[in-house]
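This report concerns only the one structure given below.
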Amino acid sequence: MIQVFNTLSRHKEPIRSQTEGVLTIYVCGVTPYDDAHIGHARPAVVWDAIKRHLQRRGYAVWHVQNFTDVDDRLIERSGDLGLSVGELAQRHMTSYLSYMQQLRIDPPHAYPRVTDNMAGIVDYIADLVAKGYAYERAGDVYFRVSSSPGYGKLSGRTGAEQTVSRLESRTAKDNVADFALWKAARPGEPFWESPWGVGRPGWHIECSAIAEDMLGEHIDLHGGGIDLVFPHHENEIAQTEAHLGRPVATIFVHNGLVTLGDVKMSKSLGNGVSLGELFERWDPVVIRTYLLSAHYRSPLAFEERRLGEWKTALERIQGLYRDVERFEPPSGLPHDPAIVDLLNFEAEFLSLMDDDFNTAKALAKVFEMMRSVRPLIDAGGALGHAVGFLTRKNLTQANEIFQFLPAGTPPTASSEGSSGLLQGLLAVREQARAEHAFRWADAIRDVFMAHGWKIEDTPAGPRLAPVEEHDATV
RNA sequence: GGCGACGUAGCCAAGAGGUAAGGCAGGGGUCUGCAAAACCCCUAUUCCCCGGUUCGAAUCCGGGCGUCGCCUCCA
């Protein structure tokens with residue numbers, strides 16, 4: 001049974017699907033007015049891990065994440081840069097998608113954009129107006145919060161006074177707690193036609209409209225950063241319940257925020273650590289692992305040296321994998337407790353993930369599994385072969401969530417087209433070492449290094465390892 | 001002021017009534033021409049503080065202290 005912490009109930013609950021065997025996931029995506037930072041990578045990586053786990057557990061997953069490609073900030077920023085809103089949004093959506101690919105995110109089935117869903121959004125608002133949940137004032141349309149009886153149930157802000165912003169509202173709303181569904185366009189702003197005149201949608205309505213359009217009338221898992229709980233998700237609940245007369249989602253899943261030092265990483269604070277910049281110094285896989293090394297709900301205080309630590313840790317995993325990937329299934333399993341442990345690994349790993357997607361614990365399990373395996377492999381024989389194969393199998397299984405193994409065929413000496421030449425050179429160096437011609441041996445080592453190969457002299461002979469592309473020192 | 005989360009080794013971080021996972025760093029060792037890598041072992045009598053409940057508390061309750069997030073665009 002898969003359990004997940006539901007922000008609505010503040011408890012772990014078993015996952016339930018509306019349609020047998022199918023889970024629908026809607027994650028609130030980014031507003032592409034600036035370069036994505038590591039805080040945006042977290043929900044993407046977390047939901048990627050969640051999705052992969054659910055799929056392994058046999059669910060068919062339908063996963064949608066939106067782009068808010070028109071909003072106040074986008075308009076403001078595009079004016080500053082002398083670009084159109086569309087150009088600015090496209091630029092950052094493109095780089096975002098590239099970052100996601102580098103983080104080995106399995107793409108959502110759709111990345112719907114607000115500007116592609118205007119008709120549905122307008123219809124949605126019109127329905128809320130018709131049903132008496134919303135009202136128009138001078139070309140703006142507002143949602144009447146007092147018409148939503150359960151308002152505040154997600155965030156715990158129930159009293160009307162608690163929902164009032166500290167900032168004074170300068171709009172014509174009937175009540176300060178009411179929020180905009182449609183904003184009249186001011187001169188120079190991008191606009192769309194509507195029954196209330198030209199304008200653009202408010203921030204919250206897009207998710208209700210797009211989610212219903214793409215997922216049907218029910219979302220099994222609805223996600224985003226914990227900073228979206230109020231007002232965004234609270235308002236989304238109000239809109240959808242008013243429109244459909246039923247809850248928007250069974251379970252709300254919110255990831256903790258990435259902070260820089262002690263303060264939240266935020267575009268408006270300008271303290272975001274750009275993913276593009278980070279990728280110049282670190283393998284994206286290191287960042288992915290780092291983001292999965294803590295539980296998804298914990299706050300994460302970003303420090304770059306954490307990446308150095310996980311790079312080191314990851315090299316142990318990848319190094320072991322390089323050494324076991326040659327093992328094929330053995331013809332029989334020796335009777336040994338180590339074999340039993342290795343056979344149990346997958347079931348234990350999966351059950352750790354079942355418990356609220358505890359990637360931190362699952363990752364710990366990988367390191368635990370790795371311990372003591374290498375001496376058995378090095379000892380060889382039937383046991384060594386079986387252990388080697390099962391280790392390979394287990395790392396491959398963990399990799400389905402973590403994606404920490406080299407993609408594609410790992411570059412090893414044997415898989416290189418020039419392997420004959422490389423092996424020949426290695427043999428020459430071994431000969432030189434045997435003859436104590438160390439200057440000659442070291443010169444050969446330097447040649448390998450210059451071509452991107454590190455020679456590691458193991459008890460079983462020399463081994464080639466690729467020199468890291470991202471060799472950052474912090 | 002209101003709502004919510006958190007405080008575990010040098011650092012990071014799991015654990016949420018049954019006697020402290022894992023990673024990094026550090027120490028010791030094996031291997032080694034050197035270097036690198038790898039491997040093995042060790043490193044919290046104790047979980048912010050003070051009370052309480054319990055046979056038993058890092059875990060539950062009450063009260064402090066401290067930190068962060070939301071209440072305004074935010075992943």
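Protein chains get the first letters and strands the later ones, always in sequence-line order, with residue 1 at the start of each.
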OH of A:Y111: more than 12 outside heavy atoms within 6.0 angstrom?
yes

In whole Å, what separates the C1' atom of B:rG17 from that of B:rG56?
8 Å

Considering every strand and a 4.0 Å limit on heavy-atom distances, what is the contact class for A:V258: base, sugar-phosphate, or nothing?
base

G-U wobble or Watson-Crick pairing nucleotide for B:rA21 (cut-off 3.5 Å, both distances):
none

Show me the protein contacts with nucleotides 24-28 of chain B, counting only N or O atoms at under 3.5 Å.
from: B:rC24; atom 1: OP1; to: A:R316; atom 2: NH1; distance (Å): 3.4
from: B:rC24; atom 1: OP2; to: A:R316; atom 2: NH1; distance (Å): 3.2

Watson-Crick or G-U counterpart of B:rA38, or none if no pair lies under 3.5 Å
B:rU30

What is the separation between atom CG on A:L352 and atom P on B:rA13, rounded to the nearest whole Å?
19 Å

Please confirm whether any donor atom in the side chain of A:R445 sits under 3.5 Å from an acceptor in the base of B:rA35, or the reverse.
yes

Nearest-Å distance, CG (A:D34) to P (B:rA75)?
11 Å

Just name whichever nucleotide pairs with B:rU43, Watson-Crick or G-U, keeping both distances under 3.5 Å, else none.
none

Quote, to the nearest angstrom, the P distance that separates B:rC48 from B:rU54.
23 Å

A:F404 ring center near A:Y321 ring center (under 6.0 Å)
no

Candidate nucleotides B:rA13, B:rC34, B:rC71, ranked by approach to the side chain of A:R157 - the nearest
B:rC71

Using the closest heavy atom to pick a nucleotide of RNA chain B for each, name whichever of A:G225 or A:R439 lands nearer the 5' end.
A:R439

Quick check: any donor-acceptor pair below 3.5 Å linking the side-chain of A:D457 to the base of B:rC34?
yes

Taking B:rG7 as the reference, what is the distance to B:rG64 when you measure between their C1' atoms (whole Å, please)?
14 Å

Charged N to carboxylate O below 4.0 Å: is that the case for A:D71 and A:R200?
no

Among B:rA75, B:rC34, B:rG69, find the nucleotide with the atom closest to the side chain of A:R429.
B:rC34

Ring centres under 6.0 Å, that's the criterion: do A:F252 and A:H233 meet it?
yes

Under 4.0 Å, counting only non-hydrogen atoms across every strand here, what does A:L228 touch: a base, just sugar-phosphate, or nothing?
sugar-phosphate

When the distance from CD of A:E304 to P of B:rC12 is rounded to whole Å, what number comes out?
17 Å

Rounded to whole Å, CD of A:E206 lies from P of B:rC73 at a distance of 13 Å

Heavy atoms under 4.0 Å, any strand shown: does A:R374 hit a base, just sugar-phosphate, or nothing?
sugar-phosphate

Can you identify which nucleotide, out of B:rA14, B:rA37, B:rG22, has its nearest atom closest to the A:E456 side chain?
B:rA37

Could you state the CD1-P distance from A:I38 to B:rA75, rounded to the nearest angstrom?
15 Å

For atom P, what is the distance between B:rG2 and B:rG63, given to the nearest Å?
14 Å

Once you apply a heavy-atom cut-off of 4.0 Å, does A:G319 come out as touching a base, just sugar-phosphate, or nothing?
nothing

Centroid separation A:Y142 to A:F179 less than 6.0 Å:
no

From B:rA75, B:rC39, B:rC12, pick the nucleotide closest to the side chain of A:E303?
B:rC12

Establish, with yes or no, whether the OP1 or OP2 oxygen of B:rG22 is under 4.0 angstrom from a side-chain nitrogen or oxygen of A:R371.
yes

Could you tell me whether the side chain of A:F143 reaches within less than 4.5 Å of the side chain of A:D178, counting heavy atoms only?
no

Less than 3.5 Å apart, which donor and acceptor atoms pair up between the side chains of residues 359-369 of chain A and the rest of the protein, not counting sequence neighbours?
from: A:T359; atom 1: OG1; to: A:L292; atom 2: O; distance (Å): 2.7
from: A:K365; atom 1: NZ; to: A:E348; atom 2: OE1; distance (Å): 2.5
from: A:K365; atom 1: NZ; to: A:E368; atom 2: OE2; distance (Å): 3.2

Nearest whole Å is fine: how far is B:rC34 P from A:I444 CD1?
18 Å

Nucleotide forming a Watson-Crick or wobble pair with B:rG1, both distances under 3.5 Å:
B:rC71

Between B:rG18 and B:rG23, how far apart are the C1' atoms? Round to whole Å, please.
27 Å

From B:rG69, B:rA75, B:rC11, nucleotide with atom closest to A:R306 side chain
B:rC11

Most 5' of A:K12 and A:H204 on RNA chain B, judged by nearest nucleotide
A:K12

What is the distance, to the nearest angstrom, from the CG atom on A:L300 to the P atom on B:rC12?
11 Å

Applying the 3.5 Å cut-off to both distances, the Watson-Crick or G-U partner of B:rA57 turns out to be none

For B:rC6, the Watson-Crick or wobble counterpart (both distances under 3.5 Å):
B:rG66

Which residues satisfy the side-chain contact (heavy atoms from CB on, under 4.5 Å) test with A:P14, sequence neighbours excluded?
A:M1, A:Q3

Distance between the C1' atoms of B:rU8 and B:rA20, in whole angstroms?
8 Å

Validate the cation-pi geometry between A:R157 and A:F230: distance from NZ or CZ to the six-membered ring centre under 6.0 Å, angle to the ring axis within 45°.
yes

Presence of A:S298 side-chain N/O under 4.0 Å of B:rA14 phosphate oxygens OP1/OP2:
yes

How about CH2 on A:W192, more than 12 heavy atoms from neighbouring residues, nucleotides or ligands closer than 6.0 Å, or not?
yes

Between B:rG10 and B:rG27, how far apart are the P atoms? Round to whole Å, please.
16 Å

Taking B:rG29 as the reference, what is the distance to B:rU43 when you measure between their C1' atoms (whole Å, please)?
15 Å

If you take the centroid of each ring, where Trp contributes its six-membered ring, are A:F327 and A:H385 closer together than 6.0 Å?
yes

Kindly indicate whether the side chain of A:D442 and the base of B:rG33 share any N or O donor-acceptor pair separated by less than 3.5 Å?
yes

State which of B:rA75, B:rC71, B:rG33 makes the closest approach to the side chain of A:F230.
B:rC71

In whole Å, what is the span from the CD atom of A:E368 to the C1' atom of B:rG23?
13 Å

Pick base, sugar-phosphate or nothing for A:D72, based on heavy-atom distances below 4.0 Å to the nucleic acid.
nothing

Reckon A:H254 touches a base, only the sugar-phosphate, or nothing at all at heavy-atom distances under 4.0 Å?
nothing

